[in-house]
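Below is one structure, written out as structure tokens, with a few remarks after it.
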Amino acid sequence: MKICVIGLGYIGLPTAVTMANRGFEVYGCDIREDVVEKLASGTVHIEEPGLESAFLAALQSGRLHVDTKPSPADAYVIAVPTPFLKSDRPSMKPYREADLTYVLSAAEAILPHLKKECVVILESTSPPGTTRDHLRPVLERSGLTAGTDFYLAYSPERVLPGAILREIISNDRIIGGINSESARKAKDIYGEFVEGGIFETDCTTAEMVKLSENTYRDVNIALANELAKVCELVGSNVWDVVRLANEHPRVQLHQPGPGVGGHCIAVDPWFLVEAAPHDTPLIRNAREVNDAQPARVIAKIAALLESRGPGPILFLGVTYKANVDDMRESPCLEIIRHFAESGAEILVFDPHVEQYDYPLEESLKGAIKKARYVVYLVDHDEFKFMDPELLAGKVIFDTRHLIVEKSVPADAEVHLLGSATKRKV
């Protein structure tokens, strides 16, 4: 069976590689010529454990092909970005709504190749109704009818960056069809490599499931961020509060931090707000709380600079989460940009990032040596397990609770997000 995967990013490439290594003939396409050139030469363009070796195995097997345009296939998997835009709708201002340009462009690219019995599967996270109300009409311009002539389904990715290759196979799958036959046809494809459960439903329900999962996490993080504010006011430590509250068998609080990033949790809740702007105050408020976190961190760092005087500030981490190279929607970007534009002397170190808007320090040890202030923004393993002696004499602001439990030198001044007082550990 020939599968064409459209979009070779953080989800599309691992999906194409997995399918090829499970015996499908896979044609991966991406409109970015530089990405296709890299892949054709045997080089992956994203950081993900195990992906490079799995990609090379698929490429060398002859079952994986890459190009800038879709190829004729039996099934098409759309895994392109769905970014958001500032909304012009009065009910949404100053909020955001989905940009479906990439999804609809992918559908347009499929049209010349669409034939009877083809299966089209959208994986891109999308607002409810996208498959039914936006994707279907474009594809039916072929003269074929979805659900009878060809099959149309939505199956959202549900993987964790850093474990994508494993979770593509092991995680449960939700498959929503435009009708039951479409869901069954898509299930037949995923059933060839998914070892978790596969649950069939309609496409709009599947879209809602994906958005609900990430919105749950966003609201939970917003709660943790608000608890952090309260703890600072009443003289407590939010990290202790969260840890002890989670000893309750029916409580699972998330952790606070400098904000929420990535192309899922920071984006998906807006798609629900877009669908029902007057009926989602909780979701909207959670987004506002988390979007305001970078400004809170900026204010706290600025207060340290004002009370202790200027000096080089080292920012540890620019990605949106630990141990990945993905900077999409990262709250770190806003924080670092603010101090760079304000004229502060900044240093930036991230072992997972090769290129960034500002120069990156070559070594952690060397970067810390230059700095007076050290700001922990991302909980990379390299920061968790670094030598605490490096922090002697530094003023530290920790947004990730990485070093408070460690034995740092006595002259290191530690400030913790969500804690009322500075702590010398």
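None of the values given here were measured: they were computed from a predicted structure.
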- Task: For T125 and E157, run side-chain contact (heavy atoms from CB on, under 4.5 Å): C-alpha distance rounded to whole Å, both residues' side-chain angles, the deciding distance at 0.1 Å, then the answer.
- Result: CA-CA 8 Å; T125 304; E157 54 82 14; 4.1 Å; yes

Under 3.5 Å: donor-acceptor pair, side chain of [X], backbone of [Y]:
X	Y	answer
R372	P310	yes
E48	G162	yes
Y154	I178	no
N220	Q252	yes
K394	A371	yes
N225	V289	no
S182	A153	no
T215	S212	no
D350	V318	yes
D218	P269	no

So which heavy atom on [X] is nearest to which on [Y], and how close?
X	Y	result
W239	L417	NE1-O, 2.7 Å
L59	L64	CD1-O, 3.6 Å
V194	I168	CG2-O, 3.8 Å
D411	A392	OD1-CA, 3.6 Å
R158	I174	NH1-CG1, 3.4 Å
F55	T43	CE2-N, 4.2 Å

- Q255-H401 side chain donor-acceptor pair, cut-off 3.5 Å: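 Side chains of Q255 and H401: no pair found under 3.5 Å.
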
- N-O pairing of R287 and E274 below 4.0 Å: no

- For the pair K210 and E123, find out whether any cationic side-chain nitrogen is under 4.0 Å from an anionic carboxylate oxygen. no

- Query: How far apart are the C-alpha atoms of T201 and V209, what are their side-chain angles, what is the distance that settles it, and do they pass the side-chain contact (heavy atoms from CB on, under 4.5 Å) test?
  - Reply: CA-CA 10 Å; T201 184; V209 168; 5.8 Å; no

Just how far is it from atom [atom1] of [X] to atom [atom2] of [Y], taken to the nearest 0.5 Å?
X	Y	atom1	atom2	result
I31	S105	CD1	OG	7.0 Å
I313	S342	CD1	OG	7.0 Å
E213	I265	CD	CD1	11.0 Å
E25	S61	CD	OG	8.0 Å
L364	D387	CG	CG	9.5 Å
L391	I403	CG	CD1	5.5 Å

Pairwise side-chain contact, [X] with [Y], heavy-atom cut-off 4.5 Å (strictly under):
X	Y	answer
E382	L316	no
P331	N290	no
K365	M386	no
I78	L135	yes
V138	E108	yes
I189	V77	no
L314	P312	no
Y356	V348	yes

- Report the C-alpha separation of D30 and R32 in whole Å, then their side-chain angles, then the decisive distance to 0.1 Å, and conclude whether the salt bridge (charged side-chain N to carboxylate O under 4.0 Å, His left out) test is met. CA-CA 5 Å; D30 197 294; R32 297 169 294 177; 2.9 Å; yes

- Message: Would you say CD of E389 has more than 12 non-hydrogen atoms from neighbouring residues, nucleotides or ligands within 6.0 angstrom?
- Response: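 Result for CD/E389: enclosed.
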
- Message: Tell me if the OH atom of Y102 is crowded by more than 12 foreign heavy atoms within 6.0 Å.
- Response: no

- Query: What side chain to side chain donor-acceptor pair (under 3.5 Å) pairs are there with at least one residue in residues 323-340, not counting sequence neighbours?
  - Reply: Y10-D325, N323-D381, D326-R328

- Using 30° and 60° as the class limits, which term best fits the ring planes of Y190 and F193: parallel, tilted or perpendicular? tilted

- If the plane angle is over 60° it's perpendicular, under 30° parallel, otherwise tilted; pick one for F383 and Y376.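 Because their plane-to-plane angle is over 60°, the rings of F383 and Y376 count as perpendicular.
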
- Query: Stepwise, does the side-chain contact (heavy atoms from CB on, under 4.5 Å) test hold for H134 with V103?
  - Reply: CA-CA 9 Å; H134 297 281; V103 171; over 6 Å; no

- So among T18, L51, I164, V5, which one has a side-chain contact (heavy atoms from CB on, under 4.5 Å) with L13? L51

- Item | side-chain contact (heavy atoms from CB on, under 4.5 Å) between T82 and F271, worked out | CA-CA 10 Å; T82 46; F271 295 168; 4.1 Å; yes

- Query: Is there a salt bridge (charged side-chain N to carboxylate O under 4.0 Å, His left out) between K370 and E362 once you walk through the steps?
  - Reply: CA-CA 12 Å; K370 297 177 187 177; E362 293 184 358; over 6 Å; no

